[in-house]
Peer 1: 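The following block contains the structure, expressed as structure tokens.
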Amino acid sequence: MNWLQLISNKRLGQEDYHGLHGDDRTEFKRDYDRLIFSAPFRRMQNKTQVFPLPGSIFVHNRLTHSLEVASVGRSLGDDVAHKLIQRHPELAHTLFAEIGSIVSAACLAHDMGNPPFGHSGERAIASYFSEGEGIKYKGQLTPEQWADITHFDGNANAFRLLTHQFKGRRQGGFVLTYSTLAAIVKYPYPAIEATKQKFGYFTQEEPLYTRIAHELGISQTKVGWMRHPLAYLVEAADDICYEIMDLEDAHKLKILSFEQTRDLMLGFVTPERREHIIKRASETADLNEQVAYFRSCAIGELEKECVRVFVENEESILNGTFCGSLIDHACPLVHDAYEACVKVAISRIYRSRDVVDTELAGYKIIYTLMGLFIHAVMNPQHAYSRLLLDRVSSQYEVTHPDTYVRIMAVLDYLSGMTDVFALDLYRKINGESLPMI
């Protein structure tokens with residue numbers, strides 16, 4: 001793969017309409033603006049990141065997480081561009097110089113396909129078909145289609161949301177640039193080739209990704225495609241923010257002590273620097289502000305190390321032989337510190353009572369709604385089915401003659417809900433609440 005072909009500002013769905021704008025924004029900045037002003041992006045403010053949505057203490061939701069990931073992604077892209085242009089001066093006046101904008105836009109969109117209640121919602125959707133009542137529809141689907149729904153994944157759903165031609169839309173998806181769309185896809189292969197739940201695109205969108213891959217010169221593998229190189233930077237930005245910001249939230253919620261949080265975050269710096277950072281942080285008596293300073297130092301070290309790894313491994317990334325994530329190849333100090341954060345997050349944060357209780361409730365809500373709406377689209381002649389389907393927007397093809405299309409329409413509808421909307425609908429369907437009269 002080569003950079004000049006990999007970085008393209010051609011838009012999926014507007015290939016013949018190019019450069020006819022009245023301002024000086026680049027096409028990649030337009031991607032960012034289209035995303036941040038969109039309804040699906042705004043809805044992420046009411047989707048769980050890890051902890052239950054805020055009461056008296058504000059913690060991260062999907063929207064604030066995505067904004068932070070986009071910020072780190074821009075830094076990663078800008079720093080990589082600066083260093084690689086020094087190595088390849090011929091890239092200086094090409095679109096390569098804008099990779100910070102591409103990575104930032106891709107980061108902004110990376111979670112837009114997540115259903116309500118995050119991973120718990122994903123598991124509820126997948127398990128309804130793999131081990132619940134939905135298993136009876138297996139015979140009506142191809143193996144590829146069955147893999148899509150039994151491995152349902154927010155990553156693939158984000159690509160679908162951004163590219164799919166929903167009913168009534170003049171054009172498919174957000175009409176983003178080829179490079180931004182490719183940078184979002186961390187797992188560029190279909191569900192039937194997935195060894196775990198993660199995959200990059202559903203059966204309906206596979207031709208679109210194939211078109212993008214051919215345009216950008218992405219090489220094929222035995223199971224799909226090589227990653228677009230910028231997907232490594234999107235992944236790194238997500239990993240950095242996910243782990244470090246969860247520690248800060250855990251401190252605010254008193255799941256972790258100040259000392260525990262400080263020591264984890266300062267594990268990324270040398271002992272000599274650690275003393276200086278602690279001394280500077282102690283200039284304020286507010287422990288939350290001190291933790292915020294430690295967090296910025298940790299993110300800074302991770303960002304610098306990921307840039308180093310990317311630049312040093314440019315050749316293997318471009319030829320598809322690079323394995324693992326950028327953090328996997330970090331120096332021992334940074335890698336070990338990150339693993340220590342992951343270990344604590346799993347044992348103390350992701351298994352904390354509030355988090356588990358939210359996952360239990362979210363699973364029940366999404367699983368119940370799945371059953372009701374799938375039954376409705378399969379039996380539209382029933383009186384109750386007609387009532388349920390009246391709730392669904394006309395853009396979703398819930399009356400399509402094809403079983404797979406109807407099922408995917410339900411998944412589109414449910415995954416687009418916020419946590420609060422899903423909970424409110426669940427309560428109304430169960431007769432636990434009524435609209436105000």
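Note that the numbering runs from 1 along the sequence shown for the chain. Treat the numbers as computed from the prediction; the structure is a model and nothing was measured. All values below come from the heavy atoms of this structure, side chains included, with hydrogens, waters and symmetry mates left out.
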Peer 1: Output, in order, the C-alpha distance, side-chain angles, deciding distance and verdict of side chain to side chain contact (heavy atoms under 4.5 Å, CB included) for Ile184 and Phe159.
Peer 2: CA-CA 7 Å; Ile184 291 166; Phe159 186 74; 5.5 Å; no
Peer 1: Determine whether the aromatic ring centres of Phe202 and His164 lie less than 6.0 Å apart.
Peer 2: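 Ring centroids of Phe202 and His164 are no less than 6.0 Å from each other.
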Peer 1: May I ask you to decide whether Arg160 forms a salt bridge with Glu205, counting only side-chain N to carboxylate O separations under 4.0 Å?
Peer 2: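 The answer is yes: the pair qualifies as a salt bridge.
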Peer 1: Between His329 and Arg308, what is the shortest heavy-atom contact and its length?
Peer 2: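 Distance-wise, the nearest heavy atoms are O-NH2, 3.7 Å.
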Peer 1: Compare all side-chain heavy atoms of Ile135 with those of Trp146 and state whether any distance is below 4.5 angstrom.
Peer 2: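 Ile135 vs Trp146: side chains touch.
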Peer 1: So that I can tick it off, tell me whether Arg11 and Asp31 are bridged by a salt bridge, with the cut-off set at under 4.0 angstrom between side-chain N and carboxylate O.
Peer 2: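 Between Arg11 and Asp31 there is a salt bridge, with a charged N closer than 4.0 Å to a carboxylate O.
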Peer 1: Using a 3.5 Å distance criterion without hydrogens, assess whether the side chain of Ser104 forms a donor-acceptor pair with backbone atoms of Ala70.
Peer 2: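 Yes: the side chain of Ser104 pairs with the backbone of Ala70.
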Peer 1: Verify whether one side chain among Tyr201 and Thr163 offers a donor that lies under 3.5 Å from an acceptor in the other.
Peer 2: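 Tyr201 vs Thr163: no donor-acceptor pair found between side chains.
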Peer 1: Tell me yes or no: between the side chains of Ser75 and Asp78, is some donor less than 3.5 Å from an acceptor?
Peer 2: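 Checked: Ser75/Asp78 side chains show no N/O donor-acceptor pair below 3.5 Å.
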Peer 1: Please report the shortest heavy-atom distance between Pro229 and Leu318, naming the atom on each side.
Peer 2: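 In this case the closest contact between Pro229 and Leu318 is CG-CD2, 3.8 Å.
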Peer 1: Taking the side chain as every heavy atom from C-beta outward, state whether Asp328 and Tyr338 have any atom pair closer than 4.5 Å.
Peer 2: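 They are not in side-chain contact.
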Peer 1: Quick one: do Ser71 and Leu67 satisfy side chain to side chain contact (heavy atoms under 4.5 Å, CB included)? Show the steps, please.
Peer 2: CA-CA 6 Å; Ser71 178; Leu67 289 169; over 6 Å; no
Peer 1: So do Glu248 and Leu256 actually touch side chain to side chain, heavy atoms under 4.5 Å?
Peer 2: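 When only atoms from C-beta onward are counted, Glu248 and Leu256 do not touch, as no gap falls below 4.5 Å.
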Peer 1: In sequence, state the C-alpha distance, the side-chain angles, and the governing distance for Thr26 and Glu98, and then conclude on side chain to side chain donor-acceptor pair (under 3.5 Å).
Peer 2: CA-CA 9 Å; Thr26 68; Glu98 297 184 42; 3.1 Å; yes
Peer 1: Testing the basics here: between Met378 and Ile407, what is the closest heavy-atom pair and its distance to 0.1 Å?
Peer 2: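 Between these two residues, the closest heavy atoms are CE-CG1, 3.5 Å.
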Peer 1: Has Arg227 got its NZ or CZ under 6.0 Å from the middle of the six-membered ring of Tyr232, at an angle within 45 degrees of the ring axis?
Peer 2: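 Yes; both conditions hold, so Arg227 lies above the ring face of Tyr232.
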Peer 1: In this structure, are over 12 heavy atoms from other groups packed under 6.0 Å from Glu312 atom CD?
Peer 2: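 It does: Glu312 CD has more than 12 such atoms within range.
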Peer 1: Given Asp111 and Ser66, is the side chain to side chain donor-acceptor pair (under 3.5 Å) satisfied, shown in steps?
Peer 2: CA-CA 7 Å; Asp111 270 352; Ser66 297; 4.5 Å; no
Peer 1: Quick one, Val398 with Phe373, criterion side chain to side chain contact (heavy atoms under 4.5 Å, CB included). Give me CA distance, side-chain angles, the key distance, then yes/no.
Peer 2: CA-CA 9 Å; Val398 292; Phe373 280 96; over 6 Å; no
Peer 1: Mind checking the CG-CZ spacing from Leu247 to Arg348? Nearest 0.5 Å is all I need.
Peer 2: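 That separation rounds to 11.0 Å.
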Peer 1: Give a yes or no on whether Lys198 atom NZ has more than 12 heavy-atom contacts from other residues, nucleotides or ligands under 6.0 Å away.
Peer 2: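 Atom NZ in Lys198 is packed in, count exceeds 12.
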Peer 1: If you round to the nearest 0.5 Å, how far is CG of Asn114 from NE2 of His65?
Peer 2: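 Taking NE2 in His65 and CG in Asn114, the distance rounds to 8.5 Å.
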Peer 1: Closest heavy-atom contact between His335 and Ile327?
Peer 2: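 Taking His335 first and Ile327 second, the nearest heavy atoms are CD2-O, 3.3 Å.
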Peer 1: Indicate yes or no: at least one non-hydrogen side-chain atom of Leu12 is less than 4.5 angstrom from one of Tyr178.
Peer 2: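 Contact flag for Leu12/Tyr178 side chains = yes.
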Peer 1: Is there a side chain to side chain contact (heavy atoms under 4.5 Å, CB included) between Met417 and Leu369 once you walk through the steps?
Peer 2: CA-CA 11 Å; Met417 294 179 181; Leu369 294 177; 4.3 Å; yes
Peer 1: Going by heavy atoms in the side chains, are Leu76 and Glu303 under 4.5 Å from each other?
Peer 2: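 SC-SC contact between Leu76 and Glu303 confirmed.
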Peer 1: Could you check if a side-chain atom of Ser120 sits within less than 4.5 angstrom of a side-chain atom of Thr358, using non-hydrogen atoms only?
Peer 2: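 Side-chain contact under 4.5 Å: no.
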Peer 1: For the CG atom of Asn313 and the CZ atom of Phe322, what is their distance to the nearest 0.5 Å?
Peer 2: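 With rounding to 0.5 Å, CG (Asn313) is 5.0 Å from CZ (Phe322).
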Peer 1: Using the ring of Tyr137 (Phe, Tyr or Trp, six-membered ring only), decide whether Arg406 places NZ or CZ under 6.0 Å from its centre and within 45 degrees of its axis.
Peer 2: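 Cation-pi check for Arg406 and Tyr137: fails.
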Peer 1: Are any of the side-chain nitrogens in Asp424 or Lys428 under 4.0 Å away from the carboxylate oxygens of its partner?
Peer 2: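 Looking at Lys428 together with Asp424, the answer is yes, because their closest N to O distance falls below 4.0 Å.
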Peer 1: Between Ile212 and Ala182, what is the shortest heavy-atom contact and its length?
Peer 2: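 Of all heavy-atom pairs spanning Ile212 and Ala182, the closest is CG2-CB, 4.0 Å.
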Peer 1: Evaluate the side-chain proximity of Val69 to Tyr242: yes if any heavy-atom separation is below 4.5 Å, no if none is.
Peer 2: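 No, their side chains stay 4.5 Å or more apart.
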Peer 1: Walk me through it: do Asp148 and Tyr404 pass the test side chain to side chain donor-acceptor pair (under 3.5 Å)?
Peer 2: CA-CA 10 Å; Asp148 283 349; Tyr404 175 73; 2.6 Å; yes
Peer 1: Which distance, rounded to the nearest 0.5 Å, do you find between the CG of Leu6 and the CG of Leu230?
Peer 2: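 Interatomic distance, Leu6 CG to Leu230 CG, rounded to 0.5 Å: 7.5 Å.
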Peer 1: Identify the heavy atoms of Tyr209 and Pro188 that sit nearest to each other, and give their distance.
Peer 2: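 The answer is OH-CB, 3.6 Å.
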Peer 1: Over 60° means perpendicular and under 30° means parallel, so classify the ring planes of Phe294 and Phe258, tilted if in between.
Peer 2: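 Tilted: the ring planes of Phe258 and Phe294 meet at 30° to 60°.
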Peer 1: Once you measure the plane-to-plane angle for Trp3 and Phe310, does it fall in the parallel (<30°), tilted (30-60°) or perpendicular (>60°) bin?
Peer 2: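 Plane angle between 30° and 60°, so tilted.
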Peer 1: Where do His110 and Asp238 land on the side chain to side chain donor-acceptor pair (under 3.5 Å) test, with the steps shown first?
Peer 2: CA-CA 9 Å; His110 80 284; Asp238 187 25; 3.2 Å; yes
Peer 1: Measure up the His382 and His375 rings against each other and bin them: parallel (under 30°), tilted (30 to 60°), perpendicular (over 60°).
Peer 2: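 Answer is tilted, since the angle falls between 30° and 60°.
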Peer 1: Tell me, do Tyr128 and Ile366 make a side-chain contact under 4.5 Å, heavy atoms counted?
Peer 2: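 When only atoms from C-beta onward are counted, Ile366 and Tyr128 do not touch, as no gap falls below 4.5 Å.
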Peer 1: For the atom pair CD1 (Ile317) and NE2 (His228), what is the distance rounded to the nearest 0.5 Å?
Peer 2: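 Going from CD1 on Ile317 over to NE2 on His228, the span is 12.0 Å.
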Peer 1: Are Phe129 and Phe152 near enough that their ring centres are under 6.0 Å apart?
Peer 2: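 No, the ring of Phe129 stays outside the 6.0 Å limit from the ring of Phe152, centre to centre.
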Peer 1: To the closest 0.5 Å, what do you measure between CG (Leu233) and SG (Cys306)?
Peer 2: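 That separation rounds to 8.5 Å.
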